[in-house]
Protein chains: 4
Amino acid sequence: MDIKEETGGLAQRRRLGILDSAKRIFAEQGYRRTKVEDISNDLSVGKGTLYRYFPDKKGLFLSVFEYGMEQLCAAIFSKVDSMESPPEKIKAAVRTYFEFFEDNPQFIEIMMQVRSEFRSEFRQIHLELYGKYIGRSQTNLRNGMANGQFREMNVEQTADVISALLQGVLQNFYLSEFETSNENGGMAKRADKRLTDYVEPVTCLVLEGLLRR
Amino acid sequence: MDIKEETGGLAQRRRLGILDSAKRIFAEQGYRRTKVEDISNDLSVGKGTLYRYFPDKKGLFLSVFEYGMEQLCAAIFSKVDSMESPPEKIKAAVRTYFEFFEDNPQFIEIMMQVRSEFRSEFRQIHLELYGKYIGRSQTNLRNGMANGQFREMNVEQTADVISALLQGVLQNFYLSEFETSNENGGMAKRADKRLTDYVEPVTCLVLEGLLRR
Amino acid sequence: MDIKEETGGLAQRRRLGILDSAKRIFAEQGYRRTKVEDISNDLSVGKGTLYRYFPDKKGLFLSVFEYGMEQLCAAIFSKVDSMESPPEKIKAAVRTYFEFFEDNPQFIEIMMQVRSEFRSEFRQIHLELYGKYIGRSQTNLRNGMANGQFREMNVEQTADVISALLQGVLQNFYLSEFETSNENGGMAKRADKRLTDYVEPVTCLVLEGLLRR
Amino acid sequence: MDIKEETGGLAQRRRLGILDSAKRIFAEQGYRRTKVEDISNDLSVGKGTLYRYFPDKKGLFLSVFEYGMEQLCAAIFSKVDSMESPPEKIKAAVRTYFEFFEDNPQFIEIMMQVRSEFRSEFRQIHLELYGKYIGRSQTNLRNGMANGQFREMNVEQTADVISALLQGVLQNFYLSEFETSNENGGMAKRADKRLTDYVEPVTCLVLEGLLRR
DNA sequence: AATGAATGAGTGTTCATTCAT
DNA sequence: AATGAATGAACACTCATTCAT
């Protein structure tokens, strides 16, 4: 049992090591431009080793995405679940969302790529994992309406719109984040903008709207 | 001059014909899956002909995108420019944006693909053409603040966030639009949701926010 | 029409050229060891050209086999159909069969390879084209029995056995034909044995048997 | 010495176990499609173990063939050696040959595969082991001629032709044995034909020929 | 002796682009 | 101007074999 656990631990460590390297390479070069060999070279292992842990290139890529999504959801839930006030929950979710991607900028790239390369798989994983978030968001809006903090609204549509807002800001930021691509297809970062700068205006827009009270 | 203009007219017509066919095929099959021959077959011309009007496959695809962006901007500006009230301008822009994509659903697909296939080119075209929109949006916000209709805000960030909101809703809708992919890679539409259903909740969120007044 | 015919003629010529080169290379190197590029190099054309004329490597290989089988059947039928006497027909068929393979030694190799690489396809083509031969062979045996030249026999089994005899001799010869394989996988011919040497003993065995009369 | 013999006995038993498993798997799946791991899994041992008993995959396969050939020769010789009459010896050899393959249908598959996968090795083993048979067959024919039972003939060629006849019938049967391949690449047997049905027509043809006496 | 994780050579096929006609 | 036959670079994946444990 010791041996098995230890072995399992080693295999698990290697799996995570591959996921990490793959996340980096895929984010830097893009799914299409990335050769499986690029990742195995980065890890200094043989190509075949990757195929011992993941079924194929696509499966590896989707695992990178799935793993990131799980971490994102966990991060948001662990923050929000301990709060009570609906507006506070929204603030916390917005902040955690942006902080997560600020800490994992490569994952923005991964998300964008999965979205376009594997529409249906993205939808499935997205719906599975992110669906939970939408459900909680709707509950939160209903609670806010019930206690009189929020105005009347169509809860389903509004939850969709808020979720869309976050994703839209993320993508806009992602598009403005990189100034130029160099010869190797790599990107040079722009340091003067931070994703978390958008926490305040987004929260304010969502809660207050534009019109003067 | 007559001859040249006429020739130019013919060439221009053919160019537009190619753009139209390409938009359709690219949207249906995706950029990667689309062979140049698919488009030339659709037009009943030889492959080589396309290369007389566009430098390469990528250039054709980007032209399809650029042409669509121009149409989108023109549609929004023609609606909004005749209005005075800042909130009304926002309402009109939101409505026109969603109506445009409801009328040109293929262009949603094109946008998503450009975004992921040609990051830097997308950014460039996006910034060039859409930059104008952002500038006008900022002006509108400033006008609204000046006349006391809008609360105080960081205009640049808020304009970004509103723009992001629209794009986010569009993408969310695009992801939910298609239920299942059939064997041919084609998609089956879902008829029970309309993009313009989001005009009201989006407008309301932007202008009013969530908190009860 | 002229153009089309001419074009068709050119395309047909190229097709036959590819079949001829493929037959040679496949026979020399074997199906597995032969790279598609080996054939295209032999023809001094690009790899892609082969794929304009044949669907894939397997399809090309099977076409080589099918084409050879058609030629074999045509050769046998053109000889035998003009004859009347059942024993003479058998003699002629045996002779033509061995002569064909003596003139097309590469085709022996092709047959052996198809047989093992593509069992089911071999069977299908074999049955389709060779089935005709078996039918005629049975008819011939029945005619010989009817006119009293042949003894009583089970016609179906005997036709099978005679056909098997020819194939068996062919294969035995094929196995003894090549002395050693050199480094390149090529073979050095042995000149002191001829397939047609077996015409007489085979014919004699089939018609007379071993027992003294 | 006891230990060594015992160990040798165990090793020998394991060797035979591997040969048996390999024969089955190779016959079912074919040489190319069979992975070394398939065999080691079937034996519930590690892959490396096979390499302790056989040099490589090819060597294992050829050993399977060689072992079968030895068994075939032994079967034929044990039957024929006790007989005197040349025609009876032929009858017995034909019957034993077909009976052997009827009892070891997997070995038909093995033979066919060796023949095409390893031409030269097949020839070598074939000549070594089967050469003995041809020699005895020639002696038998000479004895038959000497005692007046057989007609005059070229003994070498006729022995070849008779051997070829058996192999040809075997292969024809092998080709007709399998109706269709299912999805797994497996084959469905046809039950209405038996290899031993050919003992009589083959024997009759060899001894009597077709012509009425 | 036994294991099985790691290795990496090897290849069929697609399709954007060219250019002779 | 238009064509479409020809080109050839590019790349994922398998699996026999090895060797550290």
Side-chain angles (χ1 to χ4, degrees), chain A residues 3 6-7 10-11 14 31-41 43-61, chain B residues 7 10-11 14 31-41 43-61, chain C residues 3 6-7 10-11 14 31-41 43-61, chain D residues 7 10-11 14 31-41 43-61:
Chain A
I3 292 168
E6 199 177 356
T7 307
L10 280 170
R14 174 144 280 196
Y31 176 76
R32 298 277 179 178
R33 274 198 287 239
T34 297
K35 289 178 253 179
V36 173
E37 218 162 357
D38 293 338
I39 298 168
S40 72
N41 285 344
L43 288 161
S44 299
V45 300
K47 228 183 324 188
T49 301
L50 301 193
Y51 285 91
R52 288 191 58 77
Y53 294 90
F54 298 92
D56 51 22
K57 186 186 176 187
K58 177 180 171 179
L60 172 55
F61 185 57
Chain B
T7 308
L10 280 169
R14 173 149 279 192
Y31 176 75
R32 297 279 177 177
R33 275 199 286 241
T34 297
K35 297 177 232 173
V36 173
E37 212 163 2
D38 292 339
I39 298 169
S40 72
N41 285 344
L43 288 162
S44 300
V45 301
K47 245 183 310 194
T49 302
L50 300 192
Y51 284 88
R52 288 195 58 75
Y53 292 91
F54 297 92
D56 50 22
K57 186 188 178 185
K58 176 181 171 182
L60 172 57
F61 186 57
Chain C
I3 293 169
E6 199 177 355
T7 306
L10 281 169
R14 173 143 280 194
Y31 176 75
R32 298 277 180 179
R33 272 199 289 240
T34 297
K35 290 177 252 177
V36 173
E37 217 162 357
D38 293 338
I39 299 169
S40 71
N41 285 344
L43 287 160
S44 300
V45 300
K47 232 184 317 190
T49 301
L50 301 192
Y51 285 89
R52 288 191 60 76
Y53 294 91
F54 298 92
D56 51 23
K57 186 185 178 188
K58 177 181 173 181
L60 171 57
F61 185 57
Chain D
T7 307
L10 279 170
R14 173 148 279 194
Y31 176 75
R32 297 277 178 176
R33 276 199 286 241
T34 297
K35 296 175 233 177
V36 173
E37 212 162 3
D38 292 338
I39 298 168
S40 72
N41 285 344
L43 288 161
S44 301
V45 300
K47 245 182 311 193
T49 303
L50 300 193
Y51 284 88
R52 289 195 57 76
Y53 293 91
F54 297 92
D56 51 22
K57 186 187 177 186
K58 176 180 172 180
L60 171 56
F61 185 58

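Note that the structure is predicted; figures quoted are calculated from it, not measured.
Between B/R32 and the phosphate of E/dT14, there is no side-chain N or O to OP1/OP2 separation shorter than 4.0 Å. A/R14 has a side-chain polar atom (N or O) that falls below the 4.0 Å cut-off from OP1 or OP2 of E/dA6. Between D/K35 and F/dC15 there is a side-chain polar atom (N or O) within less than 4.0 angstrom of OP1 or OP2. Contact between the side-chain N/O atoms of D/T49 and the OP1/OP2 oxygens of E/dA2 is not found at any separation under 4.0 Å. Look at A/Y53 and you'll find a side-chain N or O under 4.0 angstrom from OP1 or OP2 of E/dA6. Between B/Y31 and E/dA16 there is no side-chain polar atom (N or O) within less than 4.0 angstrom of OP1 or OP2. An OP1 or OP2 oxygen of E/dA16 is reached within less than 4.0 angstrom by a side-chain nitrogen or oxygen of B/K57.
Using a 4.0 Å heavy-atom criterion, one finds that C/F54 contacts no nucleic acid atom at all.
Side-chain atoms of A/N41 never come within 3.5 Å of backbone atoms of A/D38 as a donor-acceptor pair (strictly under, hydrogens ignored).
Candidate nucleotides E/dT17, E/dG8, E/dG4 were compared by shortest atom distance to the side chain of D/K47, and E/dG4 ranks first. Looking at the side chain of D/Y51, the nearest of the listed nucleotides F/dT17, E/dG4, E/dT17 is F/dT17. You'll find that the side chain of D/V36 is closest to F/dA16, out of E/dA5, F/dA9, F/dA16.
Under the Watson-Crick or G-U wobble criterion, with both distances below 3.5 Å, F/dA1 is left unpaired in every strand shown. F/dT14: Watson-Crick or G-U partner is E/dA9, with both key distances under 3.5 Å. Shown here, E/dA16 forms a base pair with F/dT7; the pair counts as Watson-Crick or G-U wobble because both key distances fall under 3.5 Å.
Here the CZ-CG distance, from B/R14 to B/L43, works out to 8.0 Å after rounding to the nearest 0.5 Å.
Remark: D/K57 is positioned above the aromatic ring of D/Y31, its terminal NZ or CZ atom under 6.0 angstrom from the ring centre and at most 45 degrees off the axis.
A residue-by-residue look at D/K58 and C/G48 shows that C/G48 has its nearest nucleotide of DNA chain F further toward the 5' end.
In plain terms, the two heavy atoms of B/Y51 and B/V36 that are nearest each other are OH-CG2, 3.8 Å.
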